[in-house]
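Some notes on the structure that comes next.
When a ligand or atom number is given, it counts from 1 through the structure's own listing order. Counting from 1, the numbers follow the sequence of the chain as shown.
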Amino acid sequence: MSGYTLTYFPVRGRAEAIRLLLADQGVAFKDEEAQIPLWFAGKDDRKKHAVFGQLPQFKNGDYTLYQSNSILRYLGRKHGLNGSNDEELGHIDMVNDGVEDLRQKYVRLIFTEYDTGKDKYLEALPQQLEFFERILSKNHNGSKFIVGQKISYADYNLLDLLHCHLDLSPKSLSAFPLLSAYVERLNSRPKLNEYLKSEARNRRPITPKHK
Ligand SMILES: N[C@@H](CCC(=O)N[C@@H](CS)C(=O)NCC(=O)O)C(=O)O
């Protein structure tokens, strides 16, 4: 066991990219769940102690961290998932910020305007995905990772976001051959594939709205 503990609600949400990273790196960790009704009823003391009042929380022994992207970057440093030099890391951070921008749009759709906004969202989605297709095409013609020759923390975040969009519309990647192949390639990495098929992953909906 690594000494790592990840605390989150029983959904994939903002913890899932962290889970993908840890699964793929073969790092065992302790999973702690917070129950949504208790949390929102103010009956879970972890909310009072959370730095920004939110989850996920990540612990490495006595060290505690919040903010999903900070956790990803921390694990990137710990597990050699930050590219091969400062310039690659600059691009990895840039891609991760782009993933965050699209994730915020996705979260807004799911939580505030799913019924009225889904068609419009899907219409605008190709413009967003095209950015990532283009980034991939410039790195070894899209045959490897999003940046450089090694998997990085941003690959796990991008993969999770693409999974979310494939759930939203199974055709969302149809016009993007490089992104489609990228998802297939990452999904078939042995440890990741084992996790993707696991009961633990599949009992967690993407968000509480997905029940
Ligand atoms: N920027 C934060 C956002 C965290 C966040 O929005 N957490 C939500 C669940 S995804 C939460 O804890 N909601 C409960 C609350 O706000 O009390 C991150 O990336 O970790």
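Heavy atoms of Phe52 stay at 4.0 angstrom or farther from ligand 1. Ligand 1 lies less than 4.0 angstrom from a heavy atom belonging to Gly53.
Here the shortest heavy-atom distance to atom 1 (N) of ligand 1, taken over Glu100, Lys47, Arg103, Gln67, belongs to Gln67. Selection from Tyr8, Phe40, Phe9 by nearest heavy atom to atom 10 (S) of ligand 1 gives Tyr8.
Close contacts between ligand 1 and Arg14 involve ligand atoms 3 (C), 4 (C), 18 (C), 19 (O) [criterion: under 4.0 Å to a heavy atom]. The contact set between ligand 1 and Pro56, taken as ligand atoms under 4.0 Å from a residue heavy atom, comprises 20 (O). The Trp39 neighbourhood of ligand 1 comprises atoms 14 (C), 15 (C), 17 (O), with distances under 4.0 Å to a heavy atom of that residue.
Regarding atom 7 (N) of ligand 1, its nearest protein heavy-atom neighbour is Leu55 O, 2.7 Å. Protein heavy atom closest to atom 5 (C) of ligand 1, with residue, atom name and distance, is Gln54 OE1, 3.4 Å. Protein heavy atom closest to atom 20 (O) of ligand 1, with residue, atom name and distance, is Ser68 N, 2.8 Å.
The heavy-atom pair separating Glu16 from Arg201 by the smallest distance is OE2-NH1, 2.9 Å. Across Leu72 and Asn96, no two heavy atoms sit closer than the pair CD1-OD1, 4.4 Å.
Aromatic ring centroids of Phe145 and Tyr156 lie 6.0 Å or more apart.
Between the side chain of Ser172 and the main chain of His165, a donor-acceptor pair closer than 3.5 Å is present.
A donor-acceptor contact closer than 3.5 angstrom is absent between the side chains of Asn69 and Tyr153.
Here side-chain hydrogen bond (donor to acceptor under 3.5 Å, both in side chains) pairs that include residues 142-152, with residues two or more places apart or in two chains, are Ser152-Asp155. Residue pairs that meet the ring-ring contact (aromatic ring centres under 6.0 Å, His included) test with at least one member in residues 171-200, sequence neighbours left out, do not exist here.
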